[in-house]
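Let me begin by presenting the structure, written as C-alpha cells, before commenting on it.
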There are 2 protein chains.
Amino acid sequence: MRRRYRAPMAPSEPQRRTTVHDIAAAAGVSRGTVSRALNGGYVSAAARAAIEEAIAGIGFVPNTAARTLRTRRSQAVAFVALGQHAGAFADPNIGAVMLAANAVLSGADHQMVNLLLESPRDTERVARHLSGGFVDGAIVVSARAGDPIIKVIRDLRLPAAVVGHPPDLGDAVPYVGIDNETAAREIVSRLLATGRRRTGMIAAAQDRDSCTDRLAGYRSAMGPAFEEHLVVRVPGHDHRCGADGMRLLLEREPAIDGVFAASDVLAAGALEALREAGRAVPGDVGVVGFDDSPWAVWSQPRLSTVRQPIEEIGSAAAHLVLRQLRGEPVDPGGRILPTTTVWRDSA
Amino acid sequence: MRRRYRAPMAPSEPQRRTTVHDIAAAAGVSRGTVSRALNGGYVSAAARAAIEEAIAGIGFVPNTAARTLRTRRSQAVAFVALGQHAGAFADPNIGAVMLAANAVLSGADHQMVNLLLESPRDTERVARHLSGGFVDGAIVVSARAGDPIIKVIRDLRLPAAVVGHPPDLGDAVPYVGIDNETAAREIVSRLLATGRRRTGMIAAAQDRDSCTDRLAGYRSAMGPAFEEHLVVRVPGHDHRCGADGMRLLLEREPAIDGVFAASDVLAAGALEALREAGRAVPGDVGVVGFDDSPWAVWSQPRLSTVRQPIEEIGSAAAHLVLRQLRGEPVDPGGRILPTTTVWRDSA
DNA sequence: TTGTAGGCGTTATCAG
DNA sequence: CTGATAACGCCTACAA
C-alpha cells in the first residue's frame, strides 16, 4: 500500500541542540555545576537531582567538538586500514582484528573510528584528521614499507600501534604481530616430513613484511633443497591468483608433490587447479596454507594451515594505544604473539 | 640484530600544535587574514605568499574540533554497521558498500568514519557520537527492525540513508536497496523451469527485511506447490548453517531436487551436504544462491545466483546523504536498484 | 583588502 | 559545595 505522493523532506537545517546552558537554566544552577555533575565532581544531592530531572525532561547530549576542544581529548581512536585496491575490511583477518580492538576500546569507553585509505587523496585527508585532534590515538593495519601515514603518525607523536611491522618502521611506533618466518618454517617442515620430495611455494607480492618473512621461512625449511623455480609469485590474495600460481608451478615442475601457499585463499585456488589437473590432495600433492581462515575449513579437503591469534593481536594493539593514552610508558619495538600449526586433511 | 635494551618510550605528552595564531605572527598578518587565505576569501597576493611560506616553514593543520565547533560541520559522515555477533565488516557485501560510499564521500572531501555497533554499550556511545556533532550525517547498514540507533537518527534529524529497509523504518529516513522479493521470485522461477518438482529453501533468521522478502519471493514463485516443511530456517549466514539446513531438508524430503538458499554462503554449505549425501549438482539437485559473492565462483559447481548492484547501492547512499548536507530536498522513501540473475553451473 | 572582536559549548580555575 | 570567568582554536561579521 504505497502512498502515491510524498512531499520531499525539508532541507535539513541542523536543529539547535540543548546545551549545558539550557540544563543549568532549567535546573536553576550554574553551568559549572552542571558540568561537574556530568563529570563526577562535588555536587550536592539536591543540585544533582535537579540537574538529572532537567536532563530527563529536555534531553541533553554534550557537544563532542566543544569538549574535545577544551579537554584536548576526543576519546576516540582511529583504526587505519591501508586498503590497496580491494576491500581491506573484507579481509577476514582485518575484520577480526578490528572487532577485538573495538571490544577493548569500547570497554575503556573510547570510540573506534575506522579510516579507510585507498587513494592519495584519502591519505591527505586522513592525515588531516589524525593531526586535527579528531582522535587521540591510532591503530594501523596492513601498512607497507614507506606508507606515508606512518610518517605522519610518527611526526605527530600520536600514540599508536602498528599491526605487523613494515621494514622501515623503526622504534618510534610499537607494533604487534606474529613471527611469520618461524611459523612458515614449521609448517613447511611438517609438510616435508610427510615425505614430499618436490615442494613449491605460492608467494604473494613482496611489499609486505608478512610475505617476505613467509618466503624466508619456506626457504629456511627447504634448506639445500631450495630452488628458485619452485617459487611462484602472484600479485594478489584471491583464489584465482592461487589457481594461476598452481598451474604455473605444475608446468615448471610436473613432479611437484607439495605446496605451501602464503595464505589460505591462495591454497584454495591451488586446490582448484590441482583438481583440474587430476592430482589428488593429499595423495599426490600435499597442500598447506596460512591464516586459518574460513577458506581452510570449507575447502575440500580441509586445509592444514597456521592459525594466528587474531583476537589477541587486536586487543594487544588496542591496549598498547590505551596505555600510551594513560601516559604510561610502553616499550618500543614489537610484541610477537605465538602461532599454532593446525593440521587437517590437505597434507 | 636485536638491540639488547631499549628505553621505554616517554609517556606521550601531546605536543602543542601550531595554530592560526602562530601562522599569523610568523607571516606578519592577522588571524582573520590567515583564516581567509585558508578558506578562499579575498587575500592579497603578498599576504597569501607570506602565509604560505609560514605554513611551509612551521607547519600547520587546522584543529578539527575548533573548526567543527565554530562551523557546526565536521565534514565527516558515519558509516554505521550493526554487527551482530560476528564481523559485519567481514561480510563482503558490506565491505563493498563501504568502499563505494567511501569513494563518493572522499570525492566530496568528506571523511567516512566507521562506527561498529555490537553491544548495548556500543549503541549508547555511538548515539552520543552521532548526537555530539562528531559527524554531519550517517549511512546505516544491516539494521534490523527496532534497532535503537535508527530512532536516534530520526530524533536527531541527522541527514542519513539506510541500506535496506527495516520494516519499521517509516518515511523519516530515505533508504536504498533492492527488491529482494522479486529477485528471489525470478531466480526460483528459473530454477523451477529446469524441471524441478520438489524445491525447498534454506532461509535465514527472519529479523531482517531481506530475509523475509526472499522467503516471500520463494513462496510466490512456488505458488500452490508451496509447502511449509520445504522451508528450513537457520540461525546465521555461514556455510555450516547451510550444510545443516540442507541435511535437515534431505531428511524431511528425500525426493528434493531443488534448493534456493538465502545467500551464497548458505548455498555453499548446502553443496557440501549434498556431496556428502551423494547427490549430484545440478544433476540430482539444482541449487541457487543469492549475493553473487566470492563463494559463488569458487564453489564446485559454481553457483547460479542473484547479483546485487552493490557499488551502486553504496554510492547512492552516500549521494543521498551529501544531498541532504547541501540542503537539497530529497524524496523520502526508497531507491530500489535492479538486480540480475547470474546463471552458472549449479542449476 | 585587512584587522578586530565575539562567540561556538565545554571544562577548569579560583574566589566565594 | 557553587558561581563567575577565562580559555580551547577557529571562523566571520563588521568596521576600517
Side-chain angles (χ1 to χ4, degrees), chain A residues 13-52 54-55 58-76 128-129 131-136, chain B residues 13-52 54-55 58-76 128-136 156:
Chain A
E13 44 187 277
Q15 61 185 349
R16 187 175 131 43
R17 308 217 221 273
T18 87
T19 72
V20 203
H21 215 105
D22 304 323
I23 300 298
V29 297
S30 79
R31 304 185 315 231
T33 306
V34 174
S35 177
R36 250 163 305 157
L38 259 40
N39 302 312
Y42 286 143
V43 179
S44 69
R48 186 176 295 276
I51 290 168
E52 277 170 5
I55 291 182
I58 62 185
F60 170 67
V61 179
N63 179 305
T64 318
R67 171 179 283 176
T68 298
L69 179 57
R70 177 64 227 217
T71 62
R72 297 155 154 279
R73 301 220 105 178
S74 62
Q75 295 285 96
R128 237 163 43 217
H129 256 74
S131 326
F134 213 71
V135 297
D136 298 333
Chain B
E13 43 188 279
Q15 60 186 348
R16 189 175 131 42
R17 308 217 224 272
T18 85
T19 72
V20 244
H21 215 105
D22 304 324
I23 300 298
V29 297
S30 78
R31 308 184 321 233
T33 306
V34 174
S35 180
R36 251 164 320 198
L38 259 38
N39 302 312
Y42 285 144
V43 179
S44 69
R48 186 176 294 278
I51 290 168
E52 278 170 4
I55 291 183
I58 61 185
F60 171 65
V61 179
N63 180 305
T64 318
R67 170 179 283 174
T68 298
L69 180 58
R70 176 65 230 226
T71 62
R72 295 155 154 278
R73 301 220 103 178
S74 62
Q75 296 284 96
R128 237 162 45 216
H129 257 74
L130 295 182
S131 324
F134 212 73
V135 297
D136 298 333
L156 240 39

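Just so it is clear: chains get the letters A, B, ... in the order the sequence lines come, proteins before strands, and each one is counted from 1.
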Exercise for review: Please figure out whether B/L69 or B/G28 has its closest DNA chain C nucleotide nearer the 5' end.
Suggested key: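 In this pair, the answer is B/G28.
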Just N and O in the side chain of [X]: are any of them under 4.0 Å from OP1 or OP2 of [N]?
X: A/S44; N: D/dC1; value: no
X: B/S30; N: C/dT2; value: no
X: A/R72; N: D/dG9; value: yes

Practice item. Let me know the distance between CZ of B/R73 and C1' of C/dG9, rounded to the nearest Å. Key: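 One finds 19 Å between C1' of C/dG9 and CZ of B/R73, rounded.
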Point to revise | Length of the line joining B/D22:CG and D/dC8:C1', which is rounded to integer Å | key: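 Rounding to the nearest Å, CG of B/D22 and C1' of D/dC8 are 14 Å apart.
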Exercise for review: Quick one: sort the B/F134 and A/F134 rings into parallel, tilted or perpendicular, breaks at 30° and 60°.
Suggested key: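 Ring orientation of B/F134 relative to A/F134: tilted.
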Review point. Between B/S35 (side chain) and B/R31 (backbone), is there a donor-acceptor pair under 3.5 Å?
Key: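 Not a single qualifying donor-acceptor pair exists.
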Point to revise | Flag, side chain of B/R36 to backbone of B/V43, donor-acceptor distance under 3.5 Å | key: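 Not a single qualifying donor-acceptor pair exists.
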Review point. Is there a side-chain contact between A/I23 and A/L38, using heavy atoms and a 4.5 Å cut-off?
Key: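 No, too far: nothing below the 4.5 Å cut-off.
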Review point. Just wondering, do B/I51 and B/T33 contact through their side chains at under 4.5 Å, heavy atoms?
Key: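 Yes. Closest side-chain heavy atoms under 4.5 Å.
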Practice item. Sugar-phosphate atoms are those with a prime plus P, OP1 and OP2; base atoms are the rest. Using that split, label each nucleotide of nucleotides 10-16 of chain C B, S or - for protein heavy atoms under 4.0 Å, 5' to 3'. Key: BBB----
Point to revise | Angle by which the axis turns from one end of the helix from C/dT1-D/dA16 to C/dG16-D/dC1 to the other, five pairs per end, to 10 degrees | key: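 The two end axes of the helix from C/dT1-D/dA16 to C/dG16-D/dC1 meet at 40°.
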Review point. Reckon A/A47 touches a base, only the sugar-phosphate, or nothing at all at heavy-atom distances under 4.0 Å?
Key: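 Here A/A47 touches the backbone only, sparing every base.
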